[in-house]
Number of protein chains: 2
Amino acid sequence: MKRKITLKQIARELEVSISTVSKALKDSAEISEDTKQKIKAFAKLYHYRPNNLAISLKNRRTKNIGVIIPDIVHYFFTTVFRGIEHYSQEHGYNIIACVSDESLEKEIINMEMLANGSVDGFILALSAETQKKNEFDHLREILDQGIPLVLFDRVTDEIECDKVMINDQEAAFLGVKKFIDNGRKKIALITTEDYFSVSRDREAGYRQALLQFGLPLDEDLILKLPFMALDESAINMFFSTQEVDAVLCVNEIFAIHCMNLVQQKGIKVPEEISFIGFTDGILSKYANPGLTSIAQHGFRMGEIAAKMLIGKIEDDLGEEEEETYHTEIIRSNIIERGSTIN
Amino acid sequence: MKRKITLKQIARELEVSISTVSKALKDSAEISEDTKQKIKAFAKLYHYRPNNLAISLKNRRTKNIGVIIPDIVHYFFTTVFRGIEHYSQEHGYNIIACVSDESLEKEIINMEMLANGSVDGFILALSAETQKKNEFDHLREILDQGIPLVLFDRVTDEIECDKVMINDQEAAFLGVKKFIDNGRKKIALITTEDYFSVSRDREAGYRQALLQFGLPLDEDLILKLPFMALDESAINMFFSTQEVDAVLCVNEIFAIHCMNLVQQKGIKVPEEISFIGFTDGILSKYANPGLTSIAQHGFRMGEIAAKMLIGKIEDDLGEEEEETYHTEIIRSNIIERGSTIN
DNA sequence: TTGTATGCGTTATCAG
DNA sequence: CTGATAACGCATACAA
């Protein structure tokens with residue numbers, strides 16, 4: 001077990017100074033070809049690699065990005081993560097990944113842990129609890145410290161920073177429009193409780209579409225399910241009492257679950273009831289019938305988030321210009337499958 | 001935008017030395033209550049937090065763990081990741097997450113990137129290419145440098161280090177046994193090409209079960225699919241030419257995909273053909289019918305991997321005892337769903 | 001009880 | 001062309 005070799009050791013072995021070694025390895029013009037060759041050869045032999053920590057300390061830049069997501073098991077977040085990782089990788093940044101588990105406290109702990117020099121910036125989707133409690137002091141604090149932050153998907157208007165998301169309202173609107181175009185009249189919305197920004201926006205799109213196309217708005221056709229635990233009896237109850245011919249769900253799990261329950265009742269999908277879900281994930285693809293889905297293009301979202309963040313990080317090095325924040329809207333589109341009629 | 005405050009600044013403001021501040025903040029007995037109070041109050045006011053980098057540099061410990069997985073979109077890896085994250089979090093370690101994308105080169109790049117001081121140890125599942133090419137020099141190298149490594153799921157005998165996995169052979173054996181107990185006679189195996197350790201073991205279990213229960217071994221009943229791109233025509237061809245009444249698949253995707261294709265042909269599952277898959281993931285749960293699955297308990301696997309690694313890391317601080325490596329076998333079990341008959 | 005000096009591994013500045 | 005020195009932020013052995 002050989003410890004990693006350092007400049008100092010090389011210097012001692014070769015009987016030169018540390019700075020000579022340092023410069024030689026950077027191929028500085030100050031050093032003679034001779035010594036450069038000698039030093040480089042030696043360094044290569046011993047697999048010299050500069051210590052990242054020391055460099056980070058010196059540069060005050062870690063080349064690490066903190067990514068905090070509510071849950072890594074959800075396909076959408078995973079996909080965004082992939083996008084972030086991909087872009088960052090290519091630009092020499094590593095990802096420190098944390099899971100907030102939908103908890104405000106864990107979100108805070110993770111941020112504080114990383115904010116003390118471990119990362120150059122954050123990419124984050126708000127946890128459920130954070131959105132519910134509307135508490136953003138931890139975000140303000142890191143912003144105050146001059147650490148860049150990019151919010152994606154689950155965002156808030158209360159914080160000024162870069163953001164990436166889809167146009168949830170429009171996406172929901174288009175989903176409902178598709179139902180209407182297919183002649184559906186009794187269109188239900190199955191969503192979470194209100195505190196999610198995305199759910200609010202999607203509900204707004206749903207309402208807007210009904211309004212615009214002259215369909216009556218029946219509040220009983222909106223089912224709000226608890227977010228964490230799937231409530232089967234509520235779903236069964238809903239479909240027993242309400243007469244619906246189309247259902248827009250704010251996520252894939254809700255959609256697949258409802259579709260399964262409805263089919264178990266012997267109702268035909270898509271003939272009797274059509275389904276559209278958000279998040280074009282693996283479940284949508286392999287469902288039976290396939291679930292028509294609103295693709296959120298998570299990978300792109302991740303790439304863009306990373307790009308925005310790295311841009312900010314590297315800009316901060318330059319002149320201290322006025323901070324300006326952007327909100328990128330990713331275009332979403334509908335992936336048609338068997339759960340709706342073409 | 002206020003930069004983070006440092007010991008030095010506190011010392012200057014309070015007109016004491018840096019070490020006094022350092023000690024006071026650690027509540028050292030050397031410092032008088034008075035000055036301690038004063039310094040602590042000041043530090044609190046300015047939200048002093050020690051810089052992680054500096055501490056890491058000093059201690060030669062980062063409290064970071066490098067996790068390299070082939071693909072984060074796969075449910076199993078994600079679940080293991082969750083387990084690692086969970087355990088590490090609780091023990092004060094952060095996760096630097098990298099995706100090798102099934103590529104040896106990316107695996108190497110990622111490891112080298114992190115091995116230079118960014119992490120205290122690695123947890124890794126071998127990429128497809130790494131297994132295919134049987135190249136492990138990069139692993140030997142980091143082991144040589146005294147950096148602990150834990151391999152999970154996709155492991156190799158060629159490297160001596162800690163490992164966590166399930167007993168794939170036994171699990172496959174039990175899957176086939178279940179089919180046989182249900183009276184199935186023509187049991188197929190759908191697997192990947194040979195270079196995956198897990199696939200080899202699962203195939204061994206399959207063969208062992210047939211042998212042991214006196215069923216003929218028909219090589220034509222073993223279908224090897226390319227790993228990356230799903231080959232539908234090969235699957236269709238297989239089910240047209242072979243007469244089977246049960247199928248064991250080495251992963252969830254294969255199983256779901258085959259089940260769908262078979263059902264599209266009008267074949268009834270589980271009446272005519274039963275299915276069992278590996279990886280009890282989200283697809284298995286929401287499939288129609290539900291897919292009977294061999295649970296690999298990824299979360300536990302992750303926790304154990306993290307535990308082993310952190311154990312090694314923190315032991316290394318103690319006496320330089322003989323290195324001893326362990327292989328933990330996680331118990332797997334079958335989750336029964338609609339794709340097999342009870 | 002407080003402070004000085006040294007080191008963790010680098011890099012940059014400046015002197016020789 | 002080469003080397004000494006300081007600095008990044010912190011901790012600690014040793015003086016005072």
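All chains are named by letter (A, B, ...) in the order of the sequence lines, taking the proteins before the strands, and each is independently numbered beginning at 1. From a predicted model like this one, the values you see are computed outputs, not experimental measurements.
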Those residues that, when tested against A/Lys307, pass salt bridge (Lys or Arg N to Asp or Glu O under 4.0 Å) (two or more places apart): none

Protein proximity profile, nucleotides 10-16 of chain C - base contact B, sugar-phosphate-only contact S, no contact -, cut-off 4.0 Å on heavy atoms: BBBBB--

Ring centres under 6.0 angstrom apart (B/Phe42, B/Tyr46): yes

Phosphate contact (D/dG9 OP1 or OP2) by A/Arg60 side-chain N/O below 4.0 Å: yes

Set of side chain to side chain contact (heavy atoms under 4.5 Å, CB included) partners for B/Lys8, sequence neighbours left out: B/Thr6, B/Ile18

Helix axis bend for the helix from C/dT1-D/dA16 to C/dG16-D/dC1 - C1'-based end axes, five pairs, 10° rounding: 60°

OP1 or OP2 of C/dT2 under 4.0 Å from side-chain N/O of B/Thr20: no

Length of the line joining B/Gln9:CD and D/dC8:P, which is rounded to integer Å: 10 Å

With A/Tyr48 via ring-ring contact (aromatic ring centres under 6.0 Å, His included) - residues at least two apart: none

Salt bridge present between A/Asp120 and A/Arg60 (N-O < 4.0 angstrom): no

Spacing of A/Glu15 atom CD relative to D/dT2 atom C1', expressed in whole Å: 15 Å

B/Leu57 CG to D/dA11 P, straight-line distance once rounded to whole Å: 12 Å

Gap between atoms CG and P, on B/Leu25 and D/dC10 respectively (whole Å): 10 Å

Gap separating the NE2 atom of A/His138 from the CG atom of A/Leu104, nearest 0.5 angstrom: 5.5 Å

Sugar-phosphate, base or nothing in reach of A/Ser56, heavy atoms under 4.0 Å: nothing

Test item: side-chain donor near acceptor, B/Thr130 and B/Glu107, under 3.5 Å: yes

Qualifying residues under ring-ring contact (aromatic ring centres under 6.0 Å, His included), relative to B/His326, sequence neighbours excluded: none

Whole-Å distance separating the CG atom of A/Asp27 from the P atom of D/dC1: 13 Å

Whole-Å distance separating the CG atom of A/Asp34 from the C1' atom of D/dC1: 11 Å

Under-4.0 Å side-chain N/O to phosphate OP1/OP2 contact, B/Ser32 with C/dT1: no

Test item: side-chain donor near acceptor, A/Gln89 and A/Asn94, under 3.5 Å: no

